[in-house]
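All remarks here apply to the structure that follows.
The basis for the numbers below is simple: all heavy atoms, side chains too, and nothing from hydrogens, waters or symmetry mates. Note that the coordinates shown come from a computational prediction; the quantities given were computed from them, not determined experimentally.
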Amino acid sequence: MTSYFDVLLSTDPEKARVLAMEMKDVDEGEKDAWNEHVMQAELFIQGKKLLEQNHGTDALAVFNKIKLSRYAQFGKESLLFLKAEATDQAGDHSAAYNSIMKEFTKEPSPALQTALYRYGTKLGKDQASVKAEIYQQLSSKAKSATPFTLKKYIGEGQASLSDYKGKVLLLTYWFPGCGPCRAEMPFFENVVKQYQNNQLAYVGINIVAEQDQYVIPFHNSSGFSFTPLAEIKGRDKGNLENNGAAPTNFLIDKFGRIVFSDFMIGAENESHLKMMIDLLLDAPAEFMQGK
């Protein structure tokens with residue numbers, strides 16, 4: 001029901017409020033959480049009404065009071081757009097543009113791109129100018145990934161980061177018994193299969209050595225195309241650190257730089273992963289050279 005609330009919060013906050021009101025009386029163990037959800041929905045409703053009345057500054061003050069869980073995918077995106085709209089309505093077009101740019105370069109989406117172009121137009125920027133700024137921002141935060149050399153589960157020898165130079169690399173930390181990993185992989189696969197092998201590589205590092213015997217059977221039975229690699233206990237992972245967590249995901253560009261990280265992919269944001277990959281594949285030469 002929490003996921004349903006998240007969807008309603010972005011599409012119909014009044015229905016979200018009604019749901020939260022009902023659930024706080026039904027779900028005694030989560031009553032405090034549902035009371036918080038009631039408040040969130042009410043603030044959404046209040047802020048949207050202020051926007052409709054062209055009170056952008058007041059609406060922004062209301063939206064700034066809302067604190068959502070990191071798992072509230074739909075609600076967070078809706079809140080971002082509402083804050084940008086309120087900021088724009090208050091006359092600060094640049095701040096609205098910058099807020100969308102910040103999120104776009106963290107996890108791009110078609111909706112964010114549309115908003116970015118819209119606010120860019122208000123600042124006199126055409127699409128080419130906006131795209132140039134996107135790559136400038138991405139390049140400024142890109143960091144050379146810490147090299148690795150790990151044993152392959154399938155085939156002979158090892159695989160190194162340098163082996164994937166010239167390709168975009170989707171790197172995930174996982175283990176066979178990881179439920180969230182297994183839930184995410186079909187969405188990875190839906191995107192990965194849209195690219196040629198010379199464009200994109202998909203690698204999964206198993207972080208639980210005790211489950212080694214299950215890696216190949218899972219890989220073969222699932223039909224997933226990732227290359228499974230074995231972790232080395234105590235390895236210095238540098239900026240590819242996962243802190244023992246799975247899934248932990250990275251997108252590395254053709255020159256071995258981390259551009260996107262700390263993202264999770266599901267049915268609601270599968271298109272985000274494709275946009276991330278496309279951005280890296282279509283990057284202009286100056287971006288790829290780190291300029």
Side-chain angles (χ1 to χ4, degrees), residues 142-267 269-281 288:
K143 304 294 182 183
S144 293
T146 300
F148 62 80
T149 298
L150 300 171
K151 181 181 177 181
K152 296 178 181 178
Y153 283 97
I154 300 173
E156 298 293 328
Q158 299 175 315
S160 301
L161 175 63
S162 58
D163 295 338
Y164 303 105
K165 187 173 182 180
K167 301 180 182 181
V168 172
L169 173 61
L170 171 59
L171 174 67
T172 184
Y173 289 92
W174 77 294
F175 59 95
C178 172
C181 304
R182 295 164 74 114
E184 186 175 47
M185 283 178 167
F187 302 107
F188 279 171
E189 194 66 28
N190 288 343
V191 175
V192 168
K193 68 184 181 184
Q194 299 178 51
Y195 299 92
Q196 301 297 319
N197 289 336
N198 64 345
Q199 294 179 303
L200 177 70
Y202 175 23
V203 168
I205 300 175
N206 171 37
I207 66 172
V208 180
E210 293 78 7
Q211 296 187 16
D212 276 354
Q213 61 182 314
Y214 304 111
V215 171
I216 295 177
F218 172 77
H219 179 275
N220 292 343
S221 64
S222 68
F224 296 150
S225 60
F226 70 97
T227 299
L229 303 179
E231 183 60 282
I232 298 173
K233 187 175 181 180
R235 174 175 66 94
D236 180 8
K237 302 172 190 175
N239 56 14
L240 289 176
E241 179 61 66
N242 67 311
N243 295 307
T248 301
N249 305 314
F250 297 88
L251 263 177
I252 299 170
D253 72 8
K254 297 178 183 181
F255 279 71
R257 299 177 302 168
I258 301 170
V259 181
F260 298 109
S261 60
D262 193 28
F263 58 87
M264 292 187 69
I265 301 299
N269 67 340
E270 186 179 299
S271 63
H272 298 194
L273 177 60
K274 186 175 189 310
M275 180 167 274
M276 285 187 258
I277 295 169
D278 286 343
L279 280 167
L280 298 185
L281 288 175
M288 299 307 299

So [Y] and [X], do their side chains get closer than 4.5 Å, heavy atoms only?
{"X": "Asn190", "Y": "Leu273", "result": "no"}
{"X": "Val259", "Y": "Leu251", "result": "no"}
{"X": "Leu281", "Y": "Lys254", "result": "yes"}
{"X": "Phe260", "Y": "Asn249", "result": "no"}
{"X": "Ile154", "Y": "Pro228", "result": "yes"}
{"X": "Val191", "Y": "Glu270", "result": "yes"}
{"X": "Ile277", "Y": "Leu170", "result": "no"}
{"X": "Asn206", "Y": "Glu231", "result": "no"}

With rounding to the nearest 0.5 Å, note down the distance linking [atom1] in [X] to [atom2] in [Y].
{"X": "Leu229", "Y": "Ile205", "atom1": "CG", "atom2": "CD1", "result": "6.0 Å"}
{"X": "Gln199", "Y": "Gln194", "atom1": "CD", "atom2": "CD", "result": "11.0 Å"}
{"X": "Ile252", "Y": "Arg257", "atom1": "CD1", "atom2": "CZ", "result": "11.5 Å"}
{"X": "Tyr153", "Y": "Asp212", "atom1": "OH", "atom2": "CG", "result": "3.5 Å"}
{"X": "Leu171", "Y": "Phe148", "atom1": "CG", "atom2": "CZ", "result": "5.5 Å"}
{"X": "Thr248", "Y": "Leu240", "atom1": "OG1", "atom2": "CG", "result": "11.0 Å"}

Identify the heavy atoms of [X] and [Y] that sit nearest to each other, and give their distance.
{"X": "Lys237", "Y": "Thr146", "result": "O-CB, 3.3 Å"}
{"X": "Ser160", "Y": "Thr149", "result": "OG-OG1, 2.7 Å"}
{"X": "Pro247", "Y": "Met264", "result": "CG-CE, 3.9 Å"}
{"X": "Ser261", "Y": "Ile258", "result": "CB-CG2, 4.3 Å"}
{"X": "Ile207", "Y": "Ala246", "result": "CD1-CB, 3.8 Å"}

Any chance the rings of Phe188 and Trp174 have centres within less than 6.0 Å? no

Apply side-chain contact (heavy atoms from CB on, under 4.5 Å) to the pair Met276 and Phe263, showing each step before the final yes or no. CA-CA 11 Å; Met276 285 187 258; Phe263 58 87; 4.1 Å; yes

Residues Asn243, Tyr173; criterion side chain to side chain donor-acceptor pair (under 3.5 Å); working and verdict: CA-CA 10 Å; Asn243 295 307; Tyr173 289 92; over 6 Å; no

Measure from the side-chain N and O atoms of Arg182 to the backbone N and O of Pro176, and report whether any donor-acceptor pair falls under 3.5 Å.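 Checking the backbone N and O of Pro176 against the side chain of Arg182, a donor-acceptor pair under 3.5 Å is found.
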
Under 3.5 Å: donor-acceptor pair, side chain of Glu189, backbone of Ser225: yes

Within 6.0 angstrom of Asn197 CG, more than 12 heavy atoms from elsewhere: no

Among Phe224, Tyr195, Phe226, find the residue that satisfies the ring-ring contact (aromatic ring centres under 6.0 Å, His included) test when tested with Tyr202.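 Running ring-ring contact (aromatic ring centres under 6.0 Å, His included) over Phe224, Tyr195, Phe226 with Tyr202 returns exactly one hit, Phe226.
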
